[in-house]
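The structure under discussion appears below in the form of structure tokens.
The structure presented is a predicted model; accordingly, all values stated were derived computationally and were not measured. Values below: every heavy atom of this structure, side chains too, minus hydrogens, waters and symmetry copies.
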Amino acid sequence: MDFWGDAWIPSLPGFKIFSTKSPSSTIEKVSDAIDTRRGTWDKQKLAGEVSQEELEAILNIPLPVRDREDQLEDQCTKDNLNMPHSPSMTVQLLLSFPGQT
């Protein structure tokens with residue numbers, strides 16, 4: 001999922017980032033903004049890239065617990081991506097499809 005162009009932040013207008021991407025930005029995909037060792041948003045990386053409002057909106061999106069093997073829930077599949085899901089389930093679903101985030 002494209003960090004800068006895709007709609008993925010439910011509490012922001014248009015669900016998108018409106019800050020301008022810096023030429024030196026290391027964030028391309030939403031997954032680039034996650035500290036995979038800790039399983040949390042990389043607040044330090046994000047703080048230099050987005051507005052305070054956007055940062056707070058991102059940090060309020062819960063990330064799935066990664067201490068168990070990834071699995072899709074029955075009600076949440078690639079075919080029903082447009083169905084309403086919690087932000088946590090949406091992020092989990094998006095991270096479940098390698099090469100498409």
Side-chain angles (χ1 to χ4, degrees):
M1 172 161 279
D2 185 290
F3 182 87
W4 301 98
D6 288 337
W8 62 277
I9 307 172
S11 62
L12 292 179
F15 304 99
K16 293 183 176 188
I17 298 286
F18 285 97
S19 293
T20 304
K21 179 182 174 187
S22 156
S24 62
S25 176
T26 60
I27 300 176
E28 295 293 329
K29 299 177 181 180
V30 173
S31 59
D32 295 335
I34 298 172
D35 180 335
T36 55
R37 290 182 325 213
R38 293 188 176 134
T40 62
W41 293 107
D42 190 331
K43 185 176 179 178
Q44 186 174 13
K45 184 186 277 188
L46 287 164
E49 301 279 352
V50 298
S51 71
Q52 185 63 35
E53 177 187 10
E54 292 165 338
L55 175 62
E56 290 173 16
I58 293 168
L59 295 177
N60 282 325
I61 299 173
L63 292 173
V65 176
R66 303 295 252 175
D67 62 351
R68 61 181 172 82
E69 186 176 326
D70 288 344
Q71 62 185 38
L72 290 177
E73 301 295 329
D74 290 341
Q75 76 277 11
C76 190
T77 68
K78 186 176 180 181
D79 294 329
N80 69 4
L81 265 174
N82 294 323
M83 299 294 289
H85 299 293
S86 70
S88 176
M89 180 59 77
T90 300
V91 171
Q92 183 176 4
L93 180 60
L94 293 170
L95 293 174
S96 299
F97 298 106
Q100 296 186 24
T101 57

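In this structure, CZ on Phe3 lies 8.5 Å from OG on Ser19, to the nearest 0.5 angstrom. Of the inter-residue distances, the one linking Asp42 atom CG with Ile58 atom CD1 reads 11.0 Å to the nearest 0.5 angstrom. Atom CG of Asp6 sits about 11.0 Å away from atom CD1 of Ile17, to the nearest 0.5 Å. Expressed to the nearest 0.5 Å, how far CD1 of Ile34 lies from CH2 of Trp41 amounts to 4.5 Å. Taking OG of Ser51 as the reference point, atom CG of Leu46 lies at 11.0 Å (rounded to 0.5 Å).
Side-chain N or O atoms of Glu49 include none that pairs as donor or acceptor with a backbone N or O of Ile27 at under 3.5 Å. Under a 3.5 Å cut-off, the side chain of Asp32 and the backbone N or O of Lys29 do form a donor-acceptor pair. Listed for the Glu56 side chain is no donor-acceptor partner under 3.5 Å among the backbone atoms of Glu53. Judged purely by atom type and a 3.5 angstrom limit, Trp8 has no side-chain atom pairing as donor or acceptor with the backbone of Phe15.
Salt bridge status for Glu28 with Lys21: present, with a side-chain N to carboxylate O gap under 4.0 Å.
Contact check for Ile61 versus Ser11: no side-chain heavy atoms found under the 4.5 Å cut-off.
The minimum heavy-atom distance between Val50 and Glu54, with the atom names listed, is CB-OE1, 3.4 Å.
Leu59 is connected to Ile9 through a chain of hydrophobic side-chain contacts under 4.5 Å among Ile, Leu, Val, Met, Phe, Trp and Tyr, so both are in one cluster.
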